[in-house]
Amino acid sequence: MCATVKTIEDMLNELAPVETAEGFDNVGALVGRRDAEVNSVLVVLDCTMDVVKEALEKKAQLIVTHHPLLFHARKNLLEEDAEGKILCALVRNHLSLIAAHTNLDQTVFSGSAACGRLLGLLNLRKETPYLFLGELPEACSAGQLTGKITKALRFPVRCYGDENALISTLAIAGGADDGDWEAAKSLGAQALLTGEVRHHNALAASMSDFVLFDGGHYGTEAPLVQPLAEYLQNRLNGVQYNVRVYPSQCVPFGYVEDKEG
Ligand SMILES: [Zn+2]
């Protein structure tokens, strides 16, 4: 029996039901055909032209992304903008696309949970739909934690707040979620790691003796790719489908290599 796009759509749906996604979101099967046979899948944060090329190199029939294409409604499909080019390339090459976005953000396969695991947080738990909290193995200053997060994410991290503040409980909301800092504080965290810190939140948090870490939207969500690919691979192996699931090797932005190996 062959796996199809629908097989993998169903597996993702068990993990992160599409009905739990936000109303503004656009998740699930977005491009291609549900009955297309799949023996190779590429998992990635964003579908770019480089990712389409990578999918073709790996002879993948399906790309699973975190961020959806067609997030904003379109009234044409011309190859005159980046998304139009990508959509046309997908269709022309018989590639299908599934997105798991805000539905995935609410699960242990979210970028937040993945960051928490990379940081070795203890008692990692989901406290609100998008907010994960955990205890650091050892309390340390915000300044020291900046270095630890940078090393764990392999992406530059900026600290907003008092570098000497002692952090023992860290909240994480990957991607664009700096507005959750007050909720994180009320849940007992001394700091929030997120991906996009706006000035007014940095200022308000700092004046409330709370620390914000900006790990970048990409930096705080890219860690979800590998565990999601492994989950799908294990699920497919478990039902004896002969499908290879690849985490994408494409990196759209500058990446900090771990100098210490
Ligand atoms: Zn995101």
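For clarity, every value in this text was computed on a predicted model and none was experimentally measured.
With hydrogens and angles disregarded, no donor-acceptor distance shorter than 3.5 Å links the side chain of D46 to the backbone of H67. Formation of a donor-acceptor pair under 3.5 Å by the N93 side chain with backbone atoms of A89 is found in this model. A donor-acceptor distance shorter than 3.5 angstrom exists from the side chain of T146 to the backbone of A142, with no hydrogens or angles considered.
L203 and V197 are not part of a single hydrophobic cluster, where members link through side-chain heavy atoms under 4.5 Å apart. A chain of hydrophobic side-chain contacts below 4.5 Å, direct or via other Ile, Leu, Val, Met, Phe, Trp or Tyr residues, connects V43 to M11. Side-chain heavy atoms closer than 4.5 Å link hydrophobic residues (I, L, V, M, F, W, Y) into clusters, and following such links, even through other members, never connects L97 to V27. In terms of hydrophobic clustering, with Ile, Leu, Val, Met, Phe, Trp and Tyr side chains grouped at heavy-atom distances under 4.5 Å, V225 and L193 are assigned to a common cluster. Both L45 and I98 belong to a common hydrophobic cluster when Ile, Leu, Val, Met, Phe, Trp and Tyr are linked at side-chain heavy-atom distances under 4.5 angstrom.
Here the side chains of L95 and V31 are not in contact, with every heavy-atom distance at 4.5 Å or above. Contact annotation: the side chain of L121 never approaches that of N123 to less than 4.5 Å [non-hydrogen atoms, C-beta and beyond]. Residues L118 and L153 are in side-chain contact: their nearest non-hydrogen atoms beyond the backbone lie under 4.5 Å apart. By the 4.5 Å heavy-atom criterion applied to side chains, S96 and Q61 are not counted as neighbours. Annotation: side chain of V211 is not in contact with side chain of L192 (no heavy-atom distance under 4.5 Å). Side chains of T194 and F213 form no contact here, defined as non-hydrogen atoms less than 4.5 Å apart. At a threshold of 4.5 Å between non-hydrogen side-chain atoms, the residues P227 and R117 count as touching. In this structure the side chain of N39 never reaches within 4.5 angstrom of the side chain of N242, judged on heavy atoms.
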Next on the checklist: Let's go through V91 and L87 carefully: what are the C-alpha distance in whole Å and the side-chain angles of both, what is the deciding distance for side-chain contact (heavy atoms from CB on, under 4.5 Å) to 0.1 Å, and is it a yes or a no?
Outcome noted: CA-CA 6 Å; V91 173; L87 288 166; 5.6 Å; no

Checklist entry - Yes or no on side-chain hydrogen bond (donor to acceptor under 3.5 Å, both in side chains) for D105 and H66, after CA distance, side-chain angles and deciding distance? => result CA-CA 9 Å; D105 285 337; H66 179 50; 3.2 Å; yes

Next on the checklist: Test side-chain hydrogen bond (donor to acceptor under 3.5 Å, both in side chains) on H101 and E22; report intermediate values, then the result.
Outcome noted: CA-CA 9 Å; H101 187 211; E22 295 290 336; over 6 Å; no

Next on the checklist: Evaluate L228 against L104 for side-chain contact (heavy atoms from CB on, under 4.5 Å), listing each step before the verdict.
Outcome noted: CA-CA 10 Å; L228 182 60; L104 192 73; 4.1 Å; yes

Next on the checklist: I8 vs L236, test: side-chain contact (heavy atoms from CB on, under 4.5 Å). Steps then yes/no.
Outcome noted: CA-CA 8 Å; I8 289 141; L236 288 157; 4.2 Å; yes

Next on the checklist: I'd like to know whether T20 forms a side-chain contact (heavy atoms from CB on, under 4.5 Å) with V18, so could you lay out the CA-CA distance, the side-chain angles of the two residues, the decisive distance to 0.1 Å, and finally the verdict.
Outcome noted: CA-CA 5 Å; T20 60; V18 291; over 6 Å; no

Item to check | salt bridge (charged side-chain N to carboxylate O under 4.0 Å, His left out) evaluation trace for E14 with R235 | outcome: CA-CA 11 Å; E14 278 170 31; R235 279 287 280 119; 2.7 Å; yes

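Side chains of T107 and S110: no donor on one and acceptor on the other come within 3.5 Å. Side chains of E83 and H72: no donor on one and acceptor on the other come within 3.5 Å.
Salt-bridge check for D81 with R74: passed, with a basic side-chain N closer than 4.0 Å to an acidic carboxylate O. We find that K58 and E54 are joined by a salt bridge, their nearest charged nitrogen and carboxylate oxygen being less than 4.0 Å apart. A salt bridge does not link R198 with E196: none of the charged nitrogens is closer than 4.0 Å to a carboxylate oxygen.
When all heavy atoms of L42 and A55 are compared, the closest pair comes out as CD2-N, 3.6 Å. Taking each heavy atom of V52 and C47 in turn, the nearest pair found is CG2-SG, 4.0 Å. Between F210 and A184, the shortest heavy-atom distance links the atoms CZ-CB, 3.9 Å. Counting all heavy atoms, side chain and backbone alike, C140 lies closest to Q144 at CB-OE1, 3.3 Å. P137 approaches L119 most closely through the heavy-atom pair CD-O, 4.2 Å. Taking each heavy atom of I149 and V157 in turn, the nearest pair found is CG2-CG2, 3.6 Å.
Within the structure, every pair that satisfies the ring-ring contact (aromatic ring centres under 6.0 Å, His included) test and touches residues 228-249, not counting sequence neighbours, is listed here: F109-Y231.
Note that the CG atom of L133 and the CD atom of E127 stand 5.5 Å from one another [nearest 0.5 Å]. Note that the OG1 atom of T220 and the CG atom of D177 stand 9.5 Å from one another [nearest 0.5 Å]. Between the CG atom in D25 and the CG atom in N103 there is a gap of 6.5 Å [rounded to 0.5 Å]. With values rounded to the nearest 0.5 angstrom, R244 atom CZ is found 7.5 Å from S40 atom OG. For the atom pair NZ (K85) and CG (L77), the distance works out to 12.5 Å, reported to the nearest 0.5 Å. Note that CG of N201 and OG of S206 are 12.0 Å apart. Values are rounded to the nearest 0.5 Å.
The environment of H199 atom NE2 is sparse: at most 12 non-hydrogen atoms of other residues, nucleotides or ligands sit within 6.0 angstrom. Other residues, nucleotides and ligands place no more than 12 heavy atoms under 6.0 Å from the CD atom of E138. When the shell of 6.0 Å around NZ of K6 is examined, it contains 12 or fewer heavy atoms from other residues, nucleotides or ligands.
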Side-chain polar contacts of residues 158-173 - donor-acceptor pairs under 3.5 angstrom, sequence neighbours left out - could you list them?
residue, atom, partner, partner atom, Å
D162, OD1, N164, N, 2.8
S168, OG, Q190, OE1, 3.2
T169, OG1, E135, OE2, 2.9

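Q226 pairs by the side-chain contact (heavy atoms from CB on, under 4.5 Å) definition with E230, P247, not counting sequence neighbours.
Relative orientation of the Y218 and F155 rings is tilted, given thresholds of 30° and 60° on the angle between their planes.
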